[in-house]
Every structure is written in structure tokens, then in C-alpha cells.
2 protein chains.
Amino acid sequence: MSLVRVHNFSISLDGFGAGDGQALDAPFGHAGSRLMEWAFETSTFRAMGIHGESEGSRGVDEAFASAWGPGIGAEIMGRNKFGPQRGPWEDEAWRGWWGEDPVFHTPVVVLTHHPRPVLSMDGGTAFHFVDADPAAALEQARALAGDGDIRIGGGVATVRQFLEADLIDHLHIVLVPIVLGRGERLWDSLEGLEERFAIEATPSPSGVVHLVFTRRTPPSAGS
Amino acid sequence: MSLVRVHNFSISLDGFGAGDGQALDAPFGHAGSRLMEWAFETSTFRAMGIHGESEGSRGVDEAFASAWGPGIGAEIMGRNKFGPQRGPWEDEAWRGWWGEDPVFHTPVVVLTHHPRPVLSMDGGTAFHFVDADPAAALEQARALAGDGDIRIGGGVATVRQFLEADLIDHLHIVLVPIVLGRGERLWDSLEGLEERFAIEATPSPSGVVHLVFTRRTPPSAGS
């Protein structure tokens, strides 16, 4: 059975995965880029053309960041990660934040109450717009992923919903030592989560702490 | 100038320093002892007679736990740490949770709107009941402490109030990998706290992560 994985998901000390006031020009709200600055320095993110062309770091942050891609057959993301629009699509001109050759190179299931036709991009990325609960969305993603694992790409609400439904096997959280004060909390409604996971912490010289949650029991057969 | 220090202050992944439903028989509420279990294994806490007589660990948890005492001239604690009573004292029979020879061995300023006479215990501990804001309470504690540092002993609201007033120089937080879901949050109202501190993270084999916040600028003269 393929695994369901979360990678490089950054939160503040006070548990916010995004700041307050998210908008087209501020996808993380008042958090700005602070939650992701550790990643911008890594070779993996530099290779995506994010924040500069130089080669990037190869230390512990890169070791974690680079695990994002290998073995993944499809991603599931919330609509708010795909774009800033809300409600019915006014048109289909919006093709995501990532240009004509998005970084995913796999099918991507976009969770939305407003489906639209499959959007095929260069490089193997294809956005499938799906109105479904986490379990049904996962089933569709698995059908698209072949033997590959499924990455839950965010945002905060999407990760939380998959955790609530106990559908995540591997959860990589990056604790960034800032106090955001307001925004969207990851941990709400997840009391007792630690009972389902083994947790390992690894600090980085960059100042962040990588927390890896590994499911204690394998996913149940047929799930 | 003496320093103002916080030691061994445990919080959950979701930022709670105490659980919901605090009571006489449940000082941490529904969190039970889960926030402090890392400490119970250390030599420092064993030597206080807490949780068993065996010698206790001497690893990284002990290295942090043992910094609690040296150099301290007085503690400041909230009334809820001193005892479970609320409102005016019905009598003065309550002498704290710690027996006739409390672990502090210094003056202790207890913040309360209901002062009562100084309570002198064995071993050098004396509880001074003071109705004052953080800055005034700190001034009183310094007068009692000689050349020693001041420890802010908790609970959650007391630590938060001293952080809000920018009166803390050294803050040792222990991040315990549990999701409590409800209780008393440490970080609320402290947006941007990281700008005032250098922060270092150290994981322990016990599973907790020690976070040390060191004030970037020395306390202002005369503060």
C-alpha cells in the first residue's frame, strides 16, 4: 500500500501554518515568507527556481527538503493552495501559481466544491478538480498515482482534515522559531495526535527544528 | 545587574503550558503529569523527592533541569502555583504544596490580590505575598535576592505577563511532543517575541526539545 506523506510543512512556535490576512500578493498573510525562509536556502528549492539561482545548501535542511519528491505519484492540495479565488470559477484563465511547467510533474488533485475540467500542464502535471471528502479524494489520487505515494500538499486546513481522518502515514513538520500571534492553526482539533505517531526531532543550524511523525501502525488494509 | 530567568517550563506542541480543568488534585488539568514526565526522570527532580528515590538520569534533560537552582536569589510565582484557593484567604492554614521544607530555599514572592503575612518555612524558604504588577514585583524580589538572579516560577499567565513586560532575560522552554488541544496557552499576545531573543533548540533522547531563548540586548540599566 502506498503511503500518504506531508513534507516541508512549516509552522510557527505558536502553531500557525499561515498568517492572518492571506491574499493574492500575500499567500501566507502577515507571516510573509518567514515560515519558508529555511527552505529557500536549500538546493531542492533553489532548483525549483525559487529565490535565486545559486546552488543552495546541502545540510540537514536539504536532507529533509529533498525528500519531498521521490516516490510521489500524486499530490492532493486544497483549492486555496491552487489559487486565491473563492466560490465558483468566473473563468478558467487561472492555471495555478507555478507557470506552464509546474514543479509537481504528477497528477494533482485540487479539492474544491467547484469542479472544472482537468488542466494538463507541461512536464506531466495535471490538475484534477475534485469535490470530495479526504477519504474519497485519497481514493481518486491513488487511482491516478500508480504505485506512487500520495503527498498532501496543504494548506493548513487540508493537512488538518487528513490528520483528523487518520489518513496520514508520514508527517514532516518544520518548527520555525517565530511567534506569529494570529493566523491559521494546524493543531486545533487534534488532541492526542501523538498517540498515533512516533515523533523524532532534529534541530538545524538554520534555527528550525524538523519534527517527523511516523505512524505507529501501518495503514489498515484496504484503506 | 542580576538576570530574570525561567527554567524547565514545559509546553505542548500546540503551546499549552497547562491543561484544561485545573484543580487541587489536578494542578495541570487534563494534561496530568504528561508535561513534566521528562523532568521526573532527572537527578535534579529525583533529589527533590519527586517520583521515586533512584538516582535519575544525567543526560541532556538533567543538564537543563539542573540549571534551575544555581545563582537564584528569589523566585516569583503566581498565586495559582502556590495553592488552589481563589479569592480572599479563608484562613492561613495553607502553606503551599511543598511541605515544611520547600524546594526553593530562597525568598519567594507570591503574586496575589490578597496579601497575608510573610510565611517563613524551614530551609530558608519564605513566602512573601505581594499585590503588584510584574515590574514592581520584580523590584521587590530583587530587594530580597541579594546579588542573586530572579526565577519566574510560573504558572503560564505569570510567565506570559513577564514576557509581555519584556522583563525576562533567559527563557528555557521544554517542548513536549503531545497535542493537548485545550488549556492555558503560553504564546498568546507574544507576537514577534523572537525579535527580542536568540533561540537555540536541543533535542533530547527522551523526545522533548529544549528551547533556550537568550535576550539579545542586556537589560537596560536600572531596570
Side-chain angles (χ1 to χ4, degrees), chain A residues 9 11-17 19-21 29-32 34-35 37-38 60-61 156 159-160 163-164 171 173-214 216, chain B residues 9 11-17 19-21 29-32 34-35 37-38 60-61 156 159-160 163-164 171 173-214 216:
Chain A
F9 195 82
I11 63 172
S12 64
L13 275 179
D14 44 348
F16 294 103
D20 200 22
H30 86 290
R34 289 180 288 163
L35 288 171
E37 273 164 13
W38 71 272
V60 62
D61 289 338
V156 183
V159 173
R160 191 171 58 236
L163 284 169
E164 288 170 357
L171 172 65
I173 296 289
V174 185
L175 187 69
V176 179
I178 59 176
V179 178
L180 280 180
R182 51 209 159 91
E184 199 170 357
R185 292 188 193 273
L186 176 62
W187 301 120
D188 279 8
S189 77
L190 295 174
E191 179 179 340
L193 181 72
E194 71 280 0
E195 295 168 13
R196 297 193 258 130
F197 291 91
I199 306 172
E200 184 177 346
T202 307
S204 164
S206 70
V208 305
V209 178
H210 298 275
L211 297 170
V212 175
F213 294 63
T214 306
R216 289 186 192 276
Chain B
F9 195 83
I11 62 172
S12 64
L13 275 179
D14 44 349
F16 294 102
D20 199 23
H30 85 291
R34 289 179 288 163
L35 287 171
E37 273 164 13
W38 70 271
V60 62
D61 289 338
V156 183
V159 172
R160 192 172 56 236
L163 284 169
E164 288 169 358
L171 172 65
I173 296 290
V174 185
L175 187 69
V176 180
I178 60 176
V179 179
L180 279 180
R182 52 210 159 91
E184 199 171 355
R185 293 188 194 272
L186 175 62
W187 301 120
D188 280 7
S189 77
L190 295 174
E191 179 179 340
L193 181 72
E194 71 281 0
E195 294 167 15
R196 296 193 259 131
F197 291 92
I199 306 173
E200 183 178 347
T202 307
S204 164
S206 70
V208 305
V209 178
H210 297 275
L211 297 170
V212 174
F213 294 63
T214 306
R216 289 185 193 277

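By convention in this document, chain letters (A, B, ...) are assigned in the order of the sequence lines, proteins followed by strands, and residues within each chain are numbered from 1.
- Ranked by heavy-atom pairs under 4.5 Å with chain A, the first of B:Ile173, B:Leu13, B:Ile199, B:Leu175 is B:Leu13.
- Atom CD of A:Glu200 has 12 or fewer heavy atoms from other residues, nucleotides or ligands within 6.0 Å.
- Scanning residues 202-214 of chain A against chain B with a 4.5 Å non-hydrogen threshold yields A:Pro203, A:Val209, A:Leu211, A:Phe213, sorted by number.
- Contacts between residues 185-194 of chain B and chain A, defined by a heavy-atom separation under 4.5 Å, are made by B:Arg185, B:Trp187, B:Asp188, B:Leu190, B:Glu191, B:Gly192, B:Leu193, B:Glu194.
- For the set B:Ile11, B:Leu180, B:Ile178, B:Val179, the entry with the most heavy-atom pairs within less than 4.5 Å of chain A is B:Val179.
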